[in-house]
Engineer: 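The structure follows.
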2 protein chains.
Amino acid sequence: MNTLSYATEHAVTAADKTFFQLRRDIVEGVIRSGAKLSETDLAQKYAVSRAVIREAISRLETCHLVERKANVGARVVALSPEGLVELYQVRESLEGMAARLAATHMTDAEIADLGALLDSHFQKVKSGDTYYQEAGDVDFHYRIVLGSKNGHLISMLMDGIYHLVRMYRVQLGMAGPRVTTAFDEHKHIVQAISNRDAELAEMLMRRHILYSKNNIQKKLTPTQLKP
Amino acid sequence: MNTLSYATEHAVTAADKTFFQLRRDIVEGVIRSGAKLSETDLAQKYAVSRAVIREAISRLETCHLVERKANVGARVVALSPEGLVELYQVRESLEGMAARLAATHMTDAEIADLGALLDSHFQKVKSGDTYYQEAGDVDFHYRIVLGSKNGHLISMLMDGIYHLVRMYRVQLGMAGPRVTTAFDEHKHIVQAISNRDAELAEMLMRRHILYSKNNIQKKLTPTQLKP
DNA sequence: ATAGCATTTATTGTCGACAATATTGCGTCA
DNA sequence: TGACGCAATATTGTCGACAATAAATGCTAT
């Protein structure tokens, strides 16, 4: 499995498939940041009609991965240091709330599972498996967001924010020395949730994301962003 | 700017107009909560082709005002006590962050304007103008959200959450005795922003929204929700 | 009479063509 | 030579028709 498939991409219609394909290509940088999305071009390349391309682009707009202007067209969103900051501000806010809610809404079984996940993650980290560092982190956040049991929160993060976050990570070259400290932070968050301490869970999650932002931001020099 | 422009409904295309019209009709309850949105019916009623109806419905879906299932169709979102709670949880989270950011990002001029707005609001409240109670509240929150200078935050609230909030308010019969206390809360928030106290601004805003939720929730008995 | 299946009907998904708008390129004029 | 305006071109917006899928109806068999 080479893609981090957290969301099950169950494509039933052609527009679904095209949307998932386009989203992948944008996040992975196959379609460059800032590039124009010509409907006719894409229709040819993906061998579908313009209608399904328009549908797909429309959904990409919902994720904030592209921006569309009437009678002009759609462009892949531009990455910028300011954009990253704004993104992480929202993430801090929403995931903080998710942790707070998870502390009261997650079942004991779910919390136990989360603890087990963390243990397995710890094993992988010790063995130096860099892939699982990323995957483990994603899984962790995913579970807490789902644990909030709040549909709005879940869809905003899963369908929107996270893809943009991943786009920044991929296109700036991810992987960092923050793994072990991040793991400790995860552990403390789970502990707070396990203690049903909503207040603390939120605070720890917000700090965790703040640190994460600072870490990414450090490698973000304007020259690294290709226009 | 985006196709989903903030507040000002600048419709340039037919799909824009139809989208705004449909959104109004849904929020105001002209189209009942839970109702099915037949593409062919709407195309006839609004005198446009199915393509623009589909486009409009697609945008309504991003606002979370309708839910669509593949090969089945779209329905207006159902209102429920749980939905209201979830909605206000994300509102608390996002607007709290907005207040925090506004405290550092708003200009002195903007803060002064906000203070002036509050004064005028106070005059209207004293004279018992109930319409301005609602409008004033909306204005206040808009300004702070805009003051955050965070595009994601702004679009999430302005294009999404607020319309749903309004839908709940309208369809449950708005207006409450909370006006004067809410006004005091507004005043304290502005004071915190004026002092550039981001931490306090966030906390006060979160409490303000929490109180607001409790107030609405009190009149929300299951029988008031028409299925 | 009812459960299950086939057929019919209605609704959504997809397509290609045309209309409206923006962009580009050229020519003219100061 | 440069700037403005008009024509040519390309791209998006809109439309009606057809295809594919789901819902409704009726038929048959037990």
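Numbered from 1 within each chain, the chains take letters A, B, ... in sequence-line order.
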Engineer: Round to the nearest Å and state the distance from B/K36 atom NZ to D/dA22 atom C1'.
Structural biologist: 10 Å

Engineer: Heavy atoms only: give me the nearest B/H163-B/L65 pair and the separation to one decimal.
Structural biologist: CB-CD1, 4.3 Å

Engineer: Quick check: do B/R166 and B/E28 have side-chain heavy atoms less than 4.5 Å from each other?
Structural biologist: yes

Engineer: Nearest whole Å is fine: how far is D/dT12 C1' from A/E61 CD?
Structural biologist: 14 Å

Engineer: When you compare the side chain of B/L79 with that of B/L84, does any pair of heavy atoms fall below 4.5 Å?
Structural biologist: no

Engineer: In whole Å, what is the span from the NZ atom of A/K69 to the P atom of C/dT23?
Structural biologist: 8 Å

Engineer: Given D/dT14, is OP1 or OP2 found less than 4.0 Å from the side-chain N or O atoms of B/T13?
Structural biologist: yes

Engineer: What do the steps show when you test A/E95 against A/Y162 for side-chain hydrogen bond (donor to acceptor under 3.5 Å, both in side chains), and what is the final call?
Structural biologist: CA-CA 11 Å; A/E95 282 205 51; A/Y162 281 167; 2.8 Å; yes

Engineer: Closer to the 5' end of DNA chain C via nearest nucleotide, is it B/E39 or B/V12?
Structural biologist: B/E39

Engineer: Using 0.5 Å steps for rounding, measure from the NE2 atom of B/H152 to the OG atom of A/S93.
Structural biologist: 13.0 Å

Engineer: Looking at residues at least two apart in the chain, or sitting in another chain, which of them share a ring-ring contact (aromatic ring centres under 6.0 Å, His included) with B/Y46?
Structural biologist: none

Engineer: Roughly how far apart are A/I144 CD1 and A/L101 CG, rounded to 0.5 Å?
Structural biologist: 11.5 Å

Engineer: I need the residues from residues 70-78 of chain B with at least one non-hydrogen atom less than 4.0 Å from DNA chain C; give them sorted by number, or say none.
Structural biologist: B/A70, B/N71, B/V72, B/G73

Engineer: By a strict heavy-atom criterion of less than 4.0 Å, which residues belonging to residues 41-57 of chain B are in contact with DNA chain C?
Structural biologist: B/R50, B/R54

Engineer: Any chance you could lay out the salt bridge (charged side-chain N to carboxylate O under 4.0 Å, His left out) test for A/E110 and A/R143, step after step, and finish with the verdict?
Structural biologist: CA-CA 9 Å; A/E110 285 169 341; A/R143 296 220 190 179; over 6 Å; no

Engineer: Please report, rounded to the nearest Å, how far the P atom of D/dG13 is from the NZ atom of B/K17.
Structural biologist: 13 Å

